Amino acid sequence: MRPLNAQIRLDYLRENYQTLKNLHGGKMLAVVKADAYGHGAVRCAHALADLADGFAVATLDEAVELRKHGIKQPIVLLEGVFEAEEYAKVDEYRLWPAVGSQWQLEALIAYPWQQPVKVWLKMDSGMHRAGFFPHNYSSAYTALKQCPNVADIVKFSHFACADEPENGMTEMQLEAFDLGCEGLAGEESLANSAAILNVPQARRDWGRAGIALYGISPFGGTDERLKPVMRLVTQVFGERVLQPHSPIGYGATFYTSKSTRVGLIACGYADGYPRRASTDSPVAVDGKRSRVIGRVSMDMMTIELNAAQDGLGHEVELWGDVVNINEVAQAAGTIAYELLCNIKRAKFTYYE
Ligand SMILES: *Cc1c(COP(=O)(O)O)cnc(C)c1O
């Protein structure tokens, strides 16, 4: 069997959840949208079921999948519905929809609810993607309050730049949010991972932990408080020694400068490893750091082996404990979120 494996450490997931919840205080949503950032939403939700105050997803299908697999905790639909008819399923599966636009609000009020619904009312505090402007927020809130089917309203907003500690945008958004919420009772939620870790004023009734739940720092680099849940590993399945001045791979973009032992490994961009992270992207062979040389191909890539090392059959970590995924993301000019969501074809193994 092709030896590309995503090892998912559910014990680390639980530890990260607890760490983030303790740090934030109050209640914590485990954000499991996009198949739990590529980790497997059903498995991750089950692993957290006895700990988590609730889950958050991006689409109705993602929420229904969790319900069908026995997840009973609250599930927030972070973007709300995409068409009015979806409120029927929101009602049936007892989901908590976000409301971030006028049509979502009107359709929710018009819908004949079978049971009271808890609404997450989104404010646009400055990111300018979705949500009610601060000056329109209290009228949206009041309209919902007057609807007999609305059991509760959670006031929430999302930060654009919480992963940049020096960026003043977060403070501006905090001020806009608090001003727009003046006089409106109820729970609040502001903090994504970066804010949970780094913006104490953003810690309110509910945190919303995504990337940090999976053990990855939203700031790049590492965070001692978090444990990486995924290890993506493969094996050397070919090796050769190349003479100095030999080209490697498509485009002949890399030439050896000395006699070089080269390992061929089973992972390529069709598996979600970023092609842009070619020569110099870090890997670890049996726990020792090395690097990709030449371009990443569709199904395989080439790495540098230490001169004395017999590589065949040895384990290569693409990211996990030795190689931080943020390093690979940086080499590829992207973020860890994107790398995780792109993983495919790997065999997933779950460890309790
Ligand atoms: C995805 C998402 C989060 C989680 O963000 P992280 O940076 O991964 O912690 C929180 N809130 C909302 C509204 C989101 O869409």
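As the structure lists them, so they are numbered: ligands from 1, and atoms in each ligand from 1. The structure presented is a predicted model; accordingly, all values stated were derived computationally and were not measured.
Here E79 has no heavy atoms under 4.0 Å from ligand 1, in either its backbone or its side chain. Only the side chain of L78 comes within 4.0 Å of ligand 1, judged by heavy-atom distances.
No N or O atom of R129 sits closer than 3.5 Å to an N or O atom of ligand 1. At a 3.5 angstrom cut-off on N or O pairs, K122 does not count as close to ligand 1. Residue F156 has no N or O atom closer than 3.5 Å to an N or O atom of ligand 1.
Among all non-hydrogen protein atoms, the one lying nearest atom 9 (O) of ligand 1 is S193 OG, 2.5 Å. Nearest protein neighbour of atom 3 (C) of ligand 1, counting heavy atoms only, is K33 NZ, 3.8 Å. Looking only at protein heavy atoms, the nearest one to atom 11 (N) of ligand 1 is R208 NE, 2.8 Å. For atom 7 (O) of ligand 1, the nearest non-hydrogen atom of the protein is Y337 OH, 2.7 Å. Nearest non-hydrogen protein atom to atom 4 (C) of ligand 1 is Y37 OH, 3.4 Å.
Side chains of Y141 and N136: a donor-acceptor N/O pair is absent below 3.5 angstrom, by distance only.
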Which is it for W113 and Y87 under the ring pair (Phe, Tyr, Trp, His ring centres under 6.0 Å) test, yes or no, and what are the steps along the way? CA-CA 8 Å; W113 295 88; Y87 280 127; 5.5 Å; yes

For the pair E315 and R231, evaluate salt bridge (charged side-chain N to carboxylate O under 4.0 Å, His left out) and give the outcome as yes or no after the intermediate values. CA-CA 12 Å; E315 184 197 78; R231 262 189 99 224; 2.6 Å; yes

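The aromatic rings of F133 and H135 lie parallel to each other, with less than 30° between the two planes, well short of the 60° mark. Taking the six-membered ring where tryptophan is involved, the planes of Y273 and W319 are essentially parallel, since the angle between them stays under 30° and well short of 60°.
In terms of modelled atom types and a separation under 3.5 Å, the side chain of Q104 and the main chain of E79 share a donor-acceptor contact. In terms of modelled atom types and a separation under 3.5 Å, the side chain of T279 and the main chain of I293 share no donor-acceptor contact.
Judged by the 6.0 Å distance and 45° axis criteria, R43 is positioned over the aromatic ring of Y350.
Interface of I211 with ligand 1, defined as ligand atoms under 4.0 Å from a residue heavy atom, comprises 6 (P), 8 (O), 9 (O).
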